[in-house]
Amino acid sequence: MADTTGIREGEIAIELPEDFDAGLYFIGRIRTPWPTRDDCPKNARESDAVCTIEVNPRYAAALTGVETCTHLLVLYWMHQARRDLVLQAPRHYAEHRGTFALRSPVRPNPIAASVVRLGKLDGLRLTVVGLDCMDGTPLLDLKPYFASTDAVPDAVVGWHAKREA
């Protein structure tokens, strides 16, 4: 039975599969000034808060060369998010949207991504700006951000573009 507590009018929750298809290793934790989801900025570009990414010691060698990057792609696990909604009623929009048309943390696999500016690397700690997650969020991966291949200046989200007009 799908969990229907805490959903907004018109949202649809589904029954999740019994078993997982894959496993993950958390490679660290993210430290931010936001203790709850409601405290977090709506998106990472809304805040200039300095945050810290703490990488587990076993992955120390994986940080070699990271200090040469100005920006990183950070993948993290929104560990307190619902996973069963397929149709959502975002607080800031009147229309319902399918989960895959939103950047909401509520999704079958609550993986989030942010491009951050790297301030400094100090041992296993990265000081960054550009996150929007709760304090203690599990870290999945770090990747260099390549403006030449990662940026798509003409990308459009049609429903959002119509709303802005």
Side-chain angles (χ1 to χ4, degrees), residues 20-83 85-86 88 90-93 97-165:
F20 294 102
D21 295 319
L24 296 168
Y25 296 110
F26 296 152
I27 63 167
R29 293 280 169 178
I30 299 172
R31 300 295 170 201
T32 73
W34 309 295
T36 70
R37 181 177 171 196
D38 288 339
D39 296 324
C40 294
K42 185 175 165 231
N43 67 61
R45 295 284 176 240
E46 289 184 356
S47 173
D48 59 359
V50 176
C51 302
T52 303
I53 296 173
E54 299 173 342
V55 176
N56 291 342
R58 74 178 51 195
Y59 301 108
L63 292 170
T64 302
V66 164
E67 73 283 354
T68 68
C69 302
T70 62
H71 291 76
L72 298 169
L73 176 61
V74 180
L75 300 172
Y76 41 105
W77 188 259
M78 302 299 243
H79 62 298
Q80 293 188 17
R82 290 184 71 109
R83 300 180 71 175
L85 295 185
V86 293
Q88 297 183 43
R91 280 183 283 179
H92 306 288
Y93 300 104
R97 298 279 176 224
T99 293
F100 301 143
L102 296 170
R103 298 287 297 261
S104 166
V106 178
R107 44 202 334 101
N109 295 306
I111 298 169
S114 288
V115 174
V116 301
R117 181 174 37 86
L118 177 61
K120 71 176 181 174
L121 173 63
D122 183 14
L124 298 169
R125 299 168 60 92
L126 295 88
T127 303
V128 301
V129 172
L131 288 169
D132 60 357
C133 59
M134 294 177 2
D135 187 47
T137 295
L139 177 65
L140 294 177
D141 207 350
L142 298 169
K143 299 177 184 234
Y145 175 82
F146 285 90
S148 59
T149 55
D150 294 332
V152 183
D154 59 342
V156 174
V157 177
W159 64 263
H160 190 265
K162 289 177 191 174
R163 182 177 180 271
E164 298 283 317

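Since this is a predicted model, take the numbers as computed values, not measurements.
- Heavy-atom contacts from other residues, nucleotides or ligands closer than 6.0 Å to OH of Y25 number 12 or fewer.
- With sequence neighbours excluded, no residue forms a side-chain hydrogen bond (donor to acceptor under 3.5 Å, both in side chains) with T52.
- For the pair W77 and P110, the minimum side-chain heavy-atom distance is below 4.5 Å.
- Q80 has its side chain out of reach of R37: every pair of non-hydrogen atoms, C-beta onward, lies at least 4.5 Å apart.
- Atoms CE and CD1, from M78 and I111 in turn, are 11.5 Å apart once rounded to the nearest 0.5 Å.
- Between the side chain of R107 and the main chain of L102, a donor-acceptor pair closer than 3.5 Å is present.
- Side chain of W159 to main chain of A101: a donor-acceptor pair is present (N/O by atom type, distance under 3.5 Å, no hydrogens or angles).
- Put simply, the side chain of S114 never gets that close to the backbone of V116: no donor and acceptor are under 3.5 Å apart.
- A pairwise comparison of heavy atoms in C40 and C133 identifies SG-C, 3.5 Å as the closest pair.
- The shortest distance between side-chain heavy atoms of L140 and F26 falls below 4.5 Å.
- Put simply, the side chain of R29 gets close to the backbone of G136: a donor and an acceptor are under 3.5 Å apart.
- Residue R97 places its CZ atom among more than 12 non-hydrogen atoms of other residues, nucleotides or ligands, all under 6.0 Å distant.
- Taking each heavy atom of V129 and S47 in turn, the nearest pair found is CG1-O, 4.2 Å.
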Can you list, pair by pair, the side-chain donor-acceptor contacts under 3.5 Å of residues 62-72, counting residues two or more places apart and other chains?
{"from": "T64", "atom 1": "OG1", "to": "A61", "atom 2": "O", "distance (Å)": "2.8"}
{"from": "E67", "atom 1": "OE1", "to": "G65", "atom 2": "N", "distance (Å)": "3.3"}
{"from": "T68", "atom 1": "OG1", "to": "G65", "atom 2": "O", "distance (Å)": "2.7"}

TODO: Given side-chain contact (heavy atoms from CB on, under 4.5 Å), test T137 with H79 step by step and report yes or no.
DONE: CA-CA 7 Å; T137 295; H79 62 298; 3.9 Å; yes

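- Here T99 contributes atom OG1 and R83 contributes atom CZ; the two are 12.5 Å apart, rounded to the nearest 0.5 Å.
- One finds the CG atom of L139 at 5.0 Å from the CD1 atom of I30 (value rounded to the nearest 0.5 Å).
- Contact check for V50 versus T127: side-chain heavy atoms found under the 4.5 Å cut-off.
- In this structure, CD1 in I27 is found 8.0 Å from CG in N56, a value given to the nearest 0.5 Å.
- By the side-chain hydrogen bond (donor to acceptor under 3.5 Å, both in side chains) test, R117 pairs with no residue at all, sequence neighbours left out.
- In this structure, Y76 and P105 have side chains that are not in contact, with every pair of non-hydrogen atoms separated by 4.5 Å or more.
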Open item on the list: Using the rule given for side-chain contact (heavy atoms from CB on, under 4.5 Å), can you reason through L142 versus V55, listing the C-alpha separation, both sets of side-chain angles and the distance that settles it, and then say yes or no?
Closed with: CA-CA 10 Å; L142 298 169; V55 176; 4.2 Å; yes

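- Test D150, L73, V128 against V115 for side chain to side chain contact (heavy atoms under 4.5 Å, CB included) and you get one pass: L73.
- In terms of modelled atom types and a separation under 3.5 Å, the side chain of Q88 and the main chain of S104 share no donor-acceptor contact.
- Contact check for L75 versus K143: side-chain heavy atoms found under the 4.5 Å cut-off.
- Judged by distance alone, with hydrogens and angles left aside, the side-chain atoms of D135 form a donor-acceptor pair with the main-chain N or O of T32 at under 3.5 Å.
- Contact of the L131 side chain with the R31 side chain is not registered, since no non-hydrogen atoms from C-beta on lie closer than 4.5 Å.
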